[in-house]
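Contents: one structure, followed by commentary.
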Amino acid sequence: MLLLLKLLRDLFASSPPLLSSEEPPQENGVIQTTQDQHSSISPPSSTVSRAPDDEPFSTYFEEKVPIPEDVTQMFSFRKLWAFTGPGFLMSIAYLDPGNIESDLQSGAKAGFKLLWVLLGATIIGLLLQRLAARLGVVTGMHLAEVCNRQYPTVPRIILWLMVELAIIGSDMQEVIGCAIAFNLLSVGRIPLWGGVLITIIDTFVFLFLDKYGECFFDAHQDVYVFVSAYYVMVRPDQGELLKGMFLPYCEGCGPAQMEQAVGIVGAVIMPHNIYLHSALVKSRSIDRGNKKEVKEANKYYFIESTIALFISFLINVFVVAVFAEAFYEKTNIEVNAMCNASDSPHTDLFPLDNSRLQVDIYKGGVVLGCFFGPVALYIWAIGILAAGQSSTMTGTYSGQFVMEGFLNLRWSRFARVLLTRSIAIFPTLLVAIFQDVQHLTGMNDFLNVLQSMQLPFALIPILTFTSLTSIMNDFANGLVWKIGGGVVILVVCAINMHFVVVYVTSLRSVALYVLAGFLCIAYLCFVGYLVWHCLIALGVSCLDVSCLASRVSNNRPSVFIEEQPEYDT
């Protein structure tokens, strides 16, 4: 085992940084003991006074939003408004087509019983987004830039590829959502492959609208207000809703409900959103040499993120509640009868049997149209289209930040979108042409597994770097955040890996099992490498092979917890 660790260390530490335009600053030294592989990062004294060459290249945030001065109040609505924007843009990813589909399936399969899982996943997401925002505020760099400076060449390349896979997977879900929305809005006149092709055009149209600022993204959330009108129409049982939200139980739940609970966590917490939020906070003018200003920025960003995610949570609850109240324990034959009564052209989607109703993002709109009329179907389709387009734009931002941070590549946002959107559209287009809508929506299961597997590549680095005093100075995580963050990340990764195992075992193919086995070994080795660095950052010293050998030879404990000062942040 020691030999294997040494080989991994030599492989990952032997190469110089990849395409880095500048070496990590050394004037403040490096962390001593076994933390010396992480170079220190001093926060710039001021984002205004820095020379242009000192600021890492970015195609965004050429102009910083000024923060008004207000020294007389502990809380200022003017300052909160000035900091408002990044959190709401980040929260759009919590309302993408994958989340909406997870919500409706949760309501149809388990009623109100899994609302507490949605609440817990949203709270965990908020805490992780807080870490991402703090990293950007304190260092003046986003997560991808810090990874570029702190990790050696080989792990940095692997990390970049994994994050790109997550972004492409998310992009594919958005393409699927948009294609289904166009099909529903046109009553089937626009085929699925036509909807896929349209998403190429409309994405670049919305990129032109990017000059109107973040309010454009916030306006998309207004469409969900119309979708939430279903909540008023259905009038779900408020007692059952509150019980399901605050009482962690799932009476009578089976494997299908448990898998759905795991799917909720995987749909809510997405890796690329961590990278996105750490970059968006750079859009405000903050003097990072002033500890008071940095602390104030952290406070207002956390308040803004809490408000934004609370609104997103309410909208997700509305979707779950509508399908829980109206469609929980409904059978196919009941839905078929309702569709016949409403002259729906989609009656054949529901066979004449007494099996439980199985819905997806496409069938969900059809069922709403059967029960509440065609207007309900069109409102649903508009909401899905808005979800897909808004999430596409957040994916565009994430992809640009990740590429610039990891590789220092100065691509325009149009070239970046053209590349990832082409990669996302090609397999989606093939399925849309040669298969039906059932197979297209079924791709979401595979994409959710893909997203789940990428989670450690965002969660572990963000906990690692926000725990290092050489990077965060006085704003490094205290003991509570280190332990709590480690437990949360362990639980989230374990839950999502369970989801991966369930999906792989359902494939029932020996060849796929063997392939998955080899991939899992490589995957777990790299995750272990990241965890190794994370444990060092959390204070577990002497994990280096040479140090272990030295302590064993001297009959000293091989692992000890380094005492570090804890800061009240």
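From a predicted model like this one, the values you see are computed outputs, not experimental measurements.
Side chain of S305 to backbone of F302: no donor-acceptor contact under 3.5 angstrom is found. Between the N148 side chain and the G405 main chain, a donor and an acceptor come within less than 3.5 Å of each other. Of the possible donor and acceptor atoms, none in the side chain of D171 sits under 3.5 Å from a partner among the backbone N and O of I167. In this structure a side-chain-to-backbone donor-acceptor pair under 3.5 Å is missing from Q260 to A110. A distance-only check finds a donor-acceptor pair linking the side chain of Q257 to the backbone of G254 [under 3.5 Å]. Not one N or O on the side chain of S102 forms a donor-acceptor pair closer than 3.5 Å with the backbone of A267.
No option in Y397, Y275, F401 other than F401 meets the ring-ring contact (aromatic ring centres under 6.0 Å, His included) test with H142. Tested against D474 for a salt bridge (Lys or Arg N to Asp or Glu O under 4.0 Å), the candidates K291, K295, R134 yield a single pass: K291.
Between A144 and V402 the shortest heavy-atom distance is CB-CA, 4.0 Å. Contact record, T469 with A476: CG2-CB, 3.8 Å, taken as the closest heavy-atom pair. Shown here for A387 and L95, the closest heavy-atom pair between the two residues is CB-O, 3.3 Å. Listed here is the closest heavy atom pair of I269 and L455: O-CD2, 3.4 Å. Contact record, G87 with A308: O-CB, 3.6 Å, taken as the closest heavy-atom pair. Minimum heavy-atom separation, C250 to K113: SG-CB, 4.0 Å.
With sequence neighbours left out, F310 forms a side chain to side chain contact (heavy atoms under 4.5 Å, CB included) with L314. In terms of the side chain to side chain donor-acceptor pair (under 3.5 Å) criterion, residue partners of Y94 (sequence neighbours excluded) are, by chain and number, Q129. In this structure W160 satisfies the side chain to side chain donor-acceptor pair (under 3.5 Å) test together with E164, sequence neighbours excluded. Legend: residues meeting side chain to side chain contact (heavy atoms under 4.5 Å, CB included) with V527, ordered by chain and number and at least two apart, are P456, F457, I460, Y523, V531. Applying the side chain to side chain contact (heavy atoms under 4.5 Å, CB included) test to F518 and every residue at least two apart in sequence or in another chain returns V514. Contacts of T466 classified as side chain to side chain donor-acceptor pair (under 3.5 Å), with partners at least two apart in sequence or in another chain: N477.
Inter-residue side-chain proximity for L280 and L276 is flagged as met; some heavy-atom pair is nearer than 4.5 Å.
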**Request:** Could you walk me through whether S91 and I311 pass side-chain contact (heavy atoms from CB on, under 4.5 Å), step by step?
**Result:** CA-CA 9 Å; S91 69; I311 295 173; over 6 Å; no
**Asked** How far apart are the C-alpha atoms of D103 and I264, what are their side-chain angles, what is the distance that settles it, and do they pass the side-chain contact (heavy atoms from CB on, under 4.5 Å) test?
**Response** CA-CA 7 Å; D103 292 338; I264 291 173; 5.8 Å; no
**Message:** Using the rule given for side-chain contact (heavy atoms from CB on, under 4.5 Å), can you reason through T139 versus F465, listing the C-alpha separation, both sets of side-chain angles and the distance that settles it, and then say yes or no?
**Reply:** CA-CA 10 Å; T139 66; F465 299 136; over 6 Å; no
**Message:** M472 vs L135, test: side-chain contact (heavy atoms from CB on, under 4.5 Å). Steps then yes/no.
**Reply:** CA-CA 7 Å; M472 300 293 288; L135 179 71; 3.9 Å; yes
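Using bins of under 30°, 30° to 60° and over 60° for the plane-to-plane angle, the ring pair F83/Y301 lands in the perpendicular bin. Taking the six-membered ring where tryptophan is involved, the planes of Y151 and H533 are perpendicular, since the angle between them exceeds 60° and thus also 30°.
Between K282 and E145 a salt bridge is recorded (basic side-chain N to carboxylate O distance below 4.0 Å).
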